[in-house]
Amino acid sequence: MVVVQGSKITLPNPCTTLSSILFEPTSLSLALTHSDSSLSLYPSLSLLSLSSLPSPQTLIPSPSSSSTFLLLQTAPDNINHCNSKSAPRVLFLVSAPHRAGSQILLRFYLLNHKTNAFFRPRVICSQKDLRFEHQLGVLVNSKHGVSIKLSGSVNYFAMYSVSAAKVWVFATKLDCSDDGDAVKLMRCAVIECSRPVWSVTLSFGFLLLGEENGVRVFSLRRIAKGRVKKGKNVYSKPTNGGDLVKRGGRRISSGGGEGLVDLACNGDLEGRIEKHGVAVKQTNVKLKHDDRDGGAYFVALKQNDVETKSMTRAAMPVKAISIQALSQRMFLILDSGGDVHLLSLSNSGIGVDITGRVRQLPHVMKVQNLAVLPDISTISQTVWISDGSHSVHMFSAVDMENALNEIDGNDEDEKQIHLPVIRVLFCSEKVQDVTSVASNSVMILGQGGLYAYAIS
């Protein structure tokens with residue numbers, strides 16, 4: 001017998017309108033983004049037992065442009081020094097424009113396990129173009145522009161600026177000093193993008209950039225750890241005659257002028273010079289569509305054909321607008337046409353070369369919302385999808401790897417992956433956002449209400 005438990009969660013201020021929701025499953029933390037871009041941050045919520053939300057302990061004022069949760073995992077040899085348990089610490093990160101958009105402001109909120117409350121930690125950063133101000137946060141010396149995208153993982157987060165056409169990869173680490181917990185921050189890699197990025201995901205050792213007609217995949221280990229070079233910096237010319245690609249710690253512009261020297265990463269948040277004069281340099285990558293520099297692998301999505309006025313058929317470009325991790329090497333991709341694709345990568349992100357294959361999944365609707373709670377302990381994960389109307393569909397990605405193996409060598413049109421719908425939840429309001437709370441639980445944001453469901 002299937003039991004569906006559902007409840008509507010009343011907001012502290014009935015007049016408040018929400019635009020999106022974020023949930024962090026290890027700490028049961030919830031972040032609500034309001035229509036004015038301010039945020040309410042809640043730690044340790046038992047959502048299915050709540051009928052109403054209390055007033056938030058942490059209210060983050062507007063403006064904000066993007067936000068993400070990430071986990072800070074302390075190395076085993078530093079657990080005693082930091083007086084910390086082996087469980088990772090939860091960090092919430094918010095971006096915002098500063099000084100009329102001339103800079104990017106990053107605000108950090110760390111969860112204190114003892115008080116069960118978020119607080120603003122001191123952030124230690126010494127690199128050029130990064131500055132911490134206690135009353136504000138970390139200021140990044142780059143134009144904010146029209147949009148910022150953030151994605152967090154374990155000890156790392158990525159930030160994409162549309163206007164700057166760059167993706168920054170940052171490493172974070174707990175610094176347990178006498179005056180309380182602090183966070184060390186270091187920029188590890190800068191990826192210069194030659195085309196727009198529509199989604200950014202950092203998960204299971206991979207950095208995935210959703211582009212037009214495909215997804216570009218990086219090994220996080222390769223780009224974040226950097227390259228170790230002896231002697232002078234090395235430059236290499238791209239095959240298309242464009243700008244020189246940065247190989248050491250410097251950058252050369254197309255006009256031949258020398259750029260600024262960037263500091264190191266390679267997992268060392270101090271940016272130190274190692275023995276024997278070996279400098280660990282920040283990784284910089286210039287992206288081209290067919291370039292594998294920096295360990296990038298581009299996988300194309302299947303395009304839909306449309307009829308033109310001349311009765312000919314042309315491929316309609318699609319954008320990868322959402323990427324959700326299923327497991328350590330399987331990801332679901334939602335494109336702008338409402339189709340869902342399954343990407344399977346061939347390694348764990350440790351090797352130099354990344355290869356993979358993508359399959360378009362069968363569907364009965366144009367998907368607008370996609371939510372997955374990745375669980376590496378099970379073969380089958382629960383996936384929630386909605387077409388933005390009044391229903392949310394629950395299905396299980398049953399034996400995806402077996403299904404992929406079965407279609408090897410077969411015509412994809414004749415044999416596709418079978419993903420049967422298990423349950424359908426009907427809502428009185430149109431669905432704006434969906435987030436997975438557990439393998440059998442989901443939170444739904446309607447036009448004005450917040451709902452939690454559990455299926456057992």
Side-chain angles (χ1 to χ4, degrees), residues 18-20 22 31-41 56-70 72 90-111 118-153 156-173 175 180-193 196-200 202 209 251 259-263 265 269 271 282 284:
L18 301 179
S19 58
S20 64
L22 279 176
L32 304 177
T33 303
H34 303 273
S35 57
D36 64 350
S37 80
S38 63
L39 294 102
S40 297
L41 192 55
Q57 293 181 347
T58 305
L59 183 61
I60 303 173
S62 61
S64 67
S65 52
S66 184
S67 60
T68 187
F69 285 102
L70 63 149
L72 302 183
V90 176
L91 184 68
F92 186 66
L93 175 63
V94 183
S95 64
H98 184 64
R99 293 181 182 263
S102 62
Q103 292 177 308
I104 302 171
L105 172 63
L106 297 178
R107 290 174 281 183
F108 293 77
Y109 298 83
L110 185 63
L111 181 60
F118 283 93
F119 71 98
R120 300 193 66 174
R122 180 169 59 95
V123 181
I124 302 171
C125 53
S126 58
Q127 288 176 302
K128 186 177 178 64
D129 298 331
L130 296 178
R131 186 177 82 256
F132 174 70
E133 293 189 7
H134 181 72
Q135 298 297 327
L136 294 174
V138 174
L139 295 174
V140 182
N141 190 23
S142 179
K143 291 184 179 180
H144 182 280
V146 297
S147 176
I148 292 289
K149 298 181 188 298
L150 292 172
S151 179
S153 183
Y156 291 94
F157 71 90
M159 178 177 71
Y160 170 66
S161 169
V162 175
S163 299
K166 291 181 180 179
V167 176
W168 293 267
V169 179
F170 293 91
T172 53
K173 177 183 178 182
D175 178 72
D181 290 339
V183 175
K184 289 185 177 181
L185 173 70
M186 188 169 182
R187 180 183 57 243
C188 293
V190 180
I191 302 173
E192 300 185 15
C193 308
V197 174
W198 301 95
S199 58
V200 178
L202 196 62
L209 307 181
R251 178 168 50 214
L260 298 174
V261 177
D262 291 317
L263 296 180
C265 190
L269 294 178
Q282 171 186 294
N284 268 49

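Counting begins at 1 with the first residue of the sequence.
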TODO: Carefully, step by step, assess L110 and F118 under the rule side-chain contact (heavy atoms from CB on, under 4.5 Å).
DONE: CA-CA 5 Å; L110 185 63; F118 283 93; 5.9 Å; no
*According to the salt bridge (charged side-chain N to carboxylate O under 4.0 Å, His left out) rule, which pairs have a member within residues 133-142, sequence neighbours left out?*
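Matches after skipping sequence neighbours: R131-E133.
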The complete set of salt bridge (charged side-chain N to carboxylate O under 4.0 Å, His left out) pairs with one or both residues in residues 90-107, sequence neighbours excluded, reads none
* Asked: When rounded to the nearest 0.5 angstrom, what distance separates OG in S64 from NE2 in H34?
  ->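 NE2 of H34 is found 9.5 Å from OG of S64.
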Applying ring-ring contact (aromatic ring centres under 6.0 Å, His included) to F157 and not counting sequence neighbours gives F170
With sequence neighbours left out, the residues meeting ring-ring contact (aromatic ring centres under 6.0 Å, His included) with F69 are F92
Under 3.5 Å, is there a donor-acceptor pair between the side chain of Y160 and the main chain of V197?
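Checking the backbone N and O of V197 against the side chain of Y160, a donor-acceptor pair under 3.5 Å is found.
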Please name all residues satisfying side chain to side chain contact (heavy atoms under 4.5 Å, CB included) with S19, sequence neighbours left out, ordered by chain then number.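 T33.
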Show the nearest heavy-atom pair for residues [X] and [Y], with the distance to one decimal.
| X | Y | answer |
| --- | --- | --- |
| L39 | S67 | CD2-OG, 3.8 Å |
| A182 | I124 | CB-CD1, 4.3 Å |
| L70 | Y156 | CD1-O, 3.9 Å |
| L59 | S40 | CD1-OG, 3.6 Å |

Note to self: With a 4.5 Å cut-off on side-chain heavy atoms, are V167 and L209 touching?
What the structure shows: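 Side chain of L209 against side chain of V167, heavy atoms only: contact under 4.5 Å found.
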Under 3.5 Å, which donor-acceptor pairs do the side chains of residues 134-149 form with other protein atoms, sequence neighbours left out?
unit_1 : atom_1 : unit_2 : atom_2 : d
N141   : ND2    : D129   : OD1    : 3.3
H144   : NE2    : S65    : OG     : 2.9

Item to complete: Please check if atom CH2 in W168 has more than 12 non-hydrogen atoms from other residues, nucleotides or ligands closer than 6.0 Å.
Response: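 Yes, the 6.0 Å shell around CH2 holds more than 12 heavy atoms from other groups.
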